[in-house]
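Worksheet: the structure to be examined is printed underneath.
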Amino acid sequence: MALVEDNNAVAVSFSEEQEALVLKSWAILKKDSANIALRFFLKIFEVAPSASQMFSFLRNSDVPLEKNPKLKTHAMSVFVMTCEAAAQLRKAGKVTVRDTTLKRLGATHLKYGVGDAHFEVVKFALLDTIKEEVPADMWSPAMKSAWSEAYDHLVAAIKQEMKPAE
């Protein structure tokens with residue numbers, strides 16, 4: 001992963017092959033993104049059940065996770081943002097999430113104590129979900145690597161904004 005400083009933005013190197021793999025799989029994933037997004041988050045909670053307590057709308061909720069409308073909305077937002085950022089990485093040369101959104105994400109993740117282990121669980125869940133949702137003959141080590149690198153760039157951009165308020 002090549003990083004080049006460009007003022008405040010970090011320019012990234014994402015190959016044409018990586019871009020093609022992400023775009024090909026995203027074209028399939030986005031057709032059912034709401035359901036896939038929910039499965040992605042359910043996988044996060046399967047791997048790390050206590051993570052659900054990090055979400056205020058899930059604490060003390062009697063609604064099953066798979067039926068929680070706020071979780072569905074949140075999952076869709078996170079999944080689509082992650083996939084769109086990955087799909088635009090090469091063309092833009094950087095993570096394309098708006099600065100205000102990155103600042104909000106950084107502040108929120110800092111407030112709730114999100115750390116490297118949390119990001120790794122989400123990465124595992126994301127890759128596993130994509131693997132399960134694309135045709136078996138499409139998934140490959142190269143596709144896994146492309147999505148992994150794209151996710152790492154998004155996380156790096158969020159972490160840059162995880163600073164305590166001054």
Side-chain angles (χ1 to χ4, degrees), residues 1 3 8-10 12 14 22 25-26 28-89 94-134 136 139 141 143-166:
M1 163 177 30
L3 297 176
N8 291 335
V10 178
V12 299
F14 199 64
V22 165
S25 50
W26 179 224
I28 291 168
L29 297 168
K30 73 171 132 187
K31 292 176 185 170
D32 192 23
S33 56
N35 289 315
I36 294 170
L38 181 59
R39 287 193 289 275
F40 162 51
F41 262 75
L42 292 175
K43 188 170 296 289
I44 291 169
F45 300 139
E46 181 183 312
V47 173
S50 63
S52 66
Q53 295 307 301
M54 298 180 92
F55 298 88
S56 59
F57 57 85
L58 295 178
R59 279 185 231 122
N60 305 318
S61 173
D62 294 333
V63 180
L65 290 173
E66 63 277 1
K67 299 216 183 298
N68 188 304
K70 290 182 179 177
L71 177 59
K72 288 179 180 183
T73 302
H74 182 75
M76 178 74 165
S77 171
V78 171
F79 186 69
V80 170
M81 179 199 62
T82 301
C83 293
E84 285 293 339
Q88 297 172 28
L89 193 56
K94 62 184 176 109
V95 172
T96 55
V97 178
R98 286 206 306 264
D99 284 347
T100 53
T101 302
L102 278 175
K103 286 185 187 329
R104 183 178 47 76
L105 287 170
T108 301
H109 284 78
L110 179 68
K111 176 182 173 183
Y112 289 105
V114 175
D116 291 343
H118 299 107
F119 285 116
E120 286 303 312
V121 167
V122 173
K123 181 178 182 176
F124 171 82
L126 176 69
L127 296 174
D128 209 47
T129 300
I130 294 168
K131 178 182 179 180
E132 288 175 4
E133 297 297 335
V134 298
W139 184 253
M143 181 173 282
K144 178 180 181 180
S145 176
W147 276 104
S148 181
E149 185 163 333
Y151 176 81
D152 289 345
H153 284 300
L154 178 58
V155 168
I158 293 170
K159 284 182 176 180
Q160 271 192 311
E161 298 300 334
M162 288 177 69
K163 305 172 204 135
E166 297 175 20

Residue K123 excluded, over 12 heavy atoms near NZ under 6.0 Å: yes
Aromatic ring pairing H74/F41, orientation class (parallel under 30°, perpendicular over 60°, tilted between): perpendicular
Heavy-atom check, side chain of W26 versus side chain of V80, under 4.5 Å: yes
Test item: M143 and S25 side chains (from C-beta on) under 4.5 Å apart, heavy atoms: yes
Pairwise distance NZ(K111) to CE(M54) - rounded to 0.5 angstrom: 12.0 Å
Minimum heavy-atom distance between L38 and K72, given as atom pair plus value: CD2-CE, 3.9 Å
Minimum heavy-atom distance A86-F14, with the two atoms named: O-CE2, 4.1 Å
Test item: T129 side-chain N/O and A125 main-chain N/O as donor-acceptor pair under 3.5 Å: yes
Contact check, side chains of V155 and H109, non-hydrogen atoms, under 4.5 Å: no
E132 bridged to K43 by N-O distance under 4.0 Å: yes
K159 NZ: over 12 foreign heavy atoms closer than 6.0 Å: yes
Where E84 and T96 come nearest, the two heavy atoms and their spacing: O-OG1, 4.5 Å
Inter-residue atom distance E66.CD - N35.CG, 0.5 Å rounding: 12.5 Å
Least distance between heavy atoms, G106 atom then M162 atom: O-CG, 3.3 Å
Heavy-atom neighbours of R98 CZ exceed 12 at 6.0 Å: no
Within-4.5 Å side-chain heavy-atom neighbours: F40 and V122: yes
Euclidean distance, F79 CZ relative to L29 CG, rounded to 0.5 Å: 4.5 Å
Side-chain heavy-atom pair K70, F55 within 4.5 angstrom cut-off: no
Considering all heavy atoms, the nearest I130-W139 contact: CG2-CZ3, 3.6 Å
OG1 on T100 to CD on E161, rounded to 0.5 Å: 10.0 Å
Qualifying residue, where the test is side chain to side chain contact (heavy atoms under 4.5 Å, CB included) with L89 and the options are V95, V22, L154: V95
Test item: V97 and M81 side chains (from C-beta on) under 4.5 Å apart, heavy atoms: yes
Validation row: R39, I36 side chains within 4.5 angstrom (heavy atoms): yes
Identified side chain to side chain contact (heavy atoms under 4.5 Å, CB included) counterpart of S52 within the set L71, L58, N68, I44: L58
Aromatic contact, H118 with Y112 (centres under 6.0 Å): no
